[in-house]
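Counting starts at 1 for both ligands and their atoms, following the listed order.
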Amino acid sequence: MQGRLIAVSNRVAIPTAGKVAGGLAVGVLAALEEQGGIWFGWSGKKTRQDPRDPVLETRGRITYATIDLKRQDFENYYNGFSNNSLWPLCHYMLGFFSFRRFQYDAYCRVNELFARKLVPLLEPNDIIWVHDYHLIPLATELRRAGVTNPIGFFLHVPFPGFDALRALPPYEHLLRSLSSYDVIGFQTETDLRAFQDSMGQPEIGGRLLTDRRVEAYGRTFQADVFPIGVDVDDCRRLAAKNLDDRRVHRLTDSLRERKLIMGVDRLDYSKGLELRFRSFQRLLKKYPTNRGQVVFLQIAPPTRTGVRAYDAIREDLERTSGNINGRFAEMDWVPIRYLNRAYDRGVLMSLLRLTDIGLVTPIRDGMNLVAKEYLATQDPDDPGVLVLSTLAGAAQELTGAVLVNPYDREGVADGMQQAVEMRVGERRERFQSMIEILQRNDIHAWCSRFIESLQRAHATHG
Ligand code: ADP
């Protein structure tokens with residue numbers, strides 16, 4: 001590729017010693033290391049004054065360019081519109097949805113600020129890749145400032161169906177903003193179809209030129225599917241490297257040959273954790289031979305603390321796990337171990353490797369990287385079983401998993417029991433079918449496919 005890659009996301013993850021970034025950060029970093037370029041976004045600092053120019057820090061071929069945000073703007077743009085309007089809307093959870101005009105104004109203002117601070121850093125051959133729902137209007141702001149470079153957008157979360165989308169008062173403005181990009185990437189075919197359907201509504205007036213090209217608001221652009229992957233080799237390497245870690249030993253020693261079921265999620269209502277706990281309770285009731293024989297470990301660090309809905313799930317889960325443990329625990333066995341904290345990525349990968357059943361049951365998820373990380377860490381000769389929600393984007397690729405509907409506690413309990421009883425031959429077969437897909441569509445393939453598509457779209461139509 002000629003020219004630099006300019007990656008833009010809400011938050012910039014500058015790698016620090018001992019701390020390794022999650023899926024998106026790994027992918028963006030890999031692409032930036034290969035092409036050289038800039039990662040632009042929020043520094044994580046909130047200020048009282050108007051933000052200054054970006055702070056630049058160059059390491060190897062990557063320059064990290066970060067800006068601070070005014071405290072009030074951040075509250076309204078991030079906690080407000082991004083996480084109280086767009087996040088629940090995109091996850092079809094209108095019960096959590098709210099809309100405030102002043103929060104939306106802050107969202108537009110922060111996007112305009114991002115564009116204003118980014119423009120002076122741009123060069124004519126750069127290609128720009130914008131990530132996620134926090135930054136939908138960014139391309140429009142960049143175009144308004146005269147930027148003609150290729151600009152792509154990837155949506156990490158689901159794209160809602162039109163009937164949900166139109167609950168958002170400024171939905172038309174967001175669709176118009178999306179049409180300023182050259183390529184729009186989605187996680188799954190379902191998201192792409194929902195987007196095409198919205199664009200084709202009479203009041204929007206867009207039309208499909210081909211299966212993957214849309215014309216709307218006087219522009220044509222590419223809209224396509226790019227399922228995000230994981231760095232399979234790195235997950236495997238980390239899992240092997242950390243098997244001797246003290247924390248990993250403590251877990252294996254304490255299990256004493258019992259089967260381990262594990263969930264790893266941010267503490268978020270879209271992850272369906274309370275339903276998951278209740279499904280596990282159902283397993284213990286319906287299949288009592290599991291009592292004393294299986295342990296369910298849920299790792300769920302709090303996020304977005306201070307947002308009411310998030311504080312509430314934390315309390316609900318503490319109550320539910322306490323309740324289940326109170327009913328089923330024995331002298332030497334506690335059924336649910338609920339850990340409310342983040343773990344070092346290396347340790348997490350080793351824990352996943354030791355897990356007999358990876359339990360991934362979000363009630364809605366754009367992709368779900370934990371499902372893919374779980375598979376990537378497994379021993380091919382004796383792999384564990386992935387129990388996966390049909391409502392996670394990952395289910396569209398990982399059809400060899402035991403697929404369950406997270407709302408159906410009975411069904412999830414049956415799925416877990418099927419996994420508990422599954423013989424090694426079937427486990428291997430299912431694993432093989434999925435690991436091949438994961439390797440083919442790993443995080444590096446995801447990056448190169450998106451960037452190539454952006455260059456092609458711009459060269460042909462830009
Ligand atoms: P989301 O982006 O909605 O949080 P994903 O499953 O797609 O969900 O990605 C979550 C990422 O965060 C994964 O890479 C996962 O390994 C990491 N992660 C989740 N929980 C923890 C935890 N407790 N400690 C460390 N990393 C975590």
Side-chain angles (χ1 to χ4, degrees), residues 9-11 13 15-16 18-30 82-83 86-88 90-93 131-134 154-158 186-188 191 226-232 234-236 238-239 242 245 247-248 251 262-273 276 297-305 310 313-314 317 337-353 355 358-377 386 388-389 391-398 401 406 438 441-443 446:
S9 61
N10 166 60
R11 187 74 198 264
T16 47
K19 235 183 135 190
V20 190
L24 156 73
V26 170
V28 170
L29 277 172
S82 297
N83 288 330
L86 287 180
W87 177 270
C90 289
H91 289 82
Y92 291 86
M93 303 191 71
H131 291 266
D132 231 0
Y133 59 101
H134 317 87
F154 186 78
L155 186 68
H156 291 258
V157 297
F186 298 98
Q187 298 275 28
T188 67
D191 302 310
F226 304 85
I228 192 170
V230 295
D231 188 333
V232 177
D234 194 55
C235 291
R236 199 175 281 156
L238 283 172
N242 288 280
D245 187 278
R247 286 159 288 187
V248 179
L251 175 68
M262 182 154 95
V264 180
D265 309 75
R266 275 184 310 104
L267 198 56
D268 191 292
Y269 48 79
S270 66
K271 303 294 181 184
L273 295 174
R276 188 182 302 174
L297 174 64
Q298 176 63 53
I299 298 182
T303 49
R304 303 174 193 172
T305 39
Y310 287 80
I313 17 169
R314 190 173 174 168
L317 284 174
R337 301 185 190 177
Y338 172 43
L339 305 180
N340 219 213
R341 47 169 291 193
Y343 277 85
D344 168 80
R345 188 170 168 79
V347 171
L348 201 61
M349 293 304 126
S350 291
L351 296 178
L352 285 173
R353 186 182 175 94
T355 298
L359 190 54
V360 182
T361 56
I363 48 184
R364 193 65 72 160
D365 215 325
M367 176 53 64
N368 197 292
L369 292 173
V370 173
K372 294 188 167 183
E373 289 165 349
Y374 174 66
L375 290 171
T377 59
L386 175 65
L388 177 63
S389 162
L391 300 174
Q396 298 197 13
E397 286 169 280
L398 304 179
L438 285 195
N441 291 343
D442 75 353
I443 190 77
W446 174 74

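- Atoms of ligand 1 found under 4.0 Å from any heavy atom of V370 (numbered from 1 in listed order, with element): 6 (O), 15 (C).
- Using modelled atom types, one side-chain atom of D344 and one backbone atom of G346 make a donor-acceptor pair closer than 3.5 Å.
- The nearest pair of heavy atoms linking A371 to N368 is N-OD1, 3.0 Å.
- Using cut-offs of 30° and 60° on the angle between ring planes, the pair Y133 and W87 is tilted.
- Checked by atom type and distance alone, the side chain of S389 pairs as donor or acceptor with a backbone atom of P362 at under 3.5 Å.
- Heavy atoms of H156 come nearer than 4.0 angstrom to ligand 1 in no pair at all.
- Remark: ligand 1 atoms within the under-4.0 Å shell around heavy atoms of R266 are 1 (P), 3 (O), 4 (O).
- Within ligand 1, the atoms closer than 4.0 Å to a non-hydrogen atom of I299 are 23 (N), numbered from 1 in the order shown.
- The atoms of ligand 1 that sit less than 4.0 Å from any heavy atom of E373 are 13 (C), 14 (O), 15 (C), 16 (O).
- Set against the non-hydrogen atoms of R345, the atoms of ligand 1 under 4.0 Å away are 14 (O), 16 (O).
- In this structure N441 satisfies the side-chain contact (heavy atoms from CB on, under 4.5 Å) test together with E397, I437, sequence neighbours excluded.
- Against a heavy-atom cut-off of under 4.0 Å, P301 is close to the following atoms of ligand 1: 22 (C), 23 (N).
- Within ligand 1, counting atoms from 1 as listed, the ones closer than 4.0 Å to a heavy atom of V264 are 19 (C), 20 (N), 21 (C).
- Within the 4.0 Å heavy-atom criterion, neither part of D268 lies near ligand 1.
- Residue-ligand proximity, A342 to ligand 1, at heavy-atom distances under 4.0 Å covers atoms 22 (C), 23 (N), 24 (N).
- The shortest N or O to N or O distance between L369 and ligand 1 is below 3.5 Å.
- The shortest N/O to N/O separation between K271 and ligand 1 falls below 3.5 Å.
- Ring orientation note: the planes of H131 and W446 are tilted relative to one another, at an angle of 30° to 60°.
- Ion pairing between D265 and R276 holds under the 4.0 Å rule for side-chain N and carboxylate O.
- Partners of A239 by side-chain contact (heavy atoms from CB on, under 4.5 Å), not counting sequence neighbours, listed by chain and number: M349, R353, T377.
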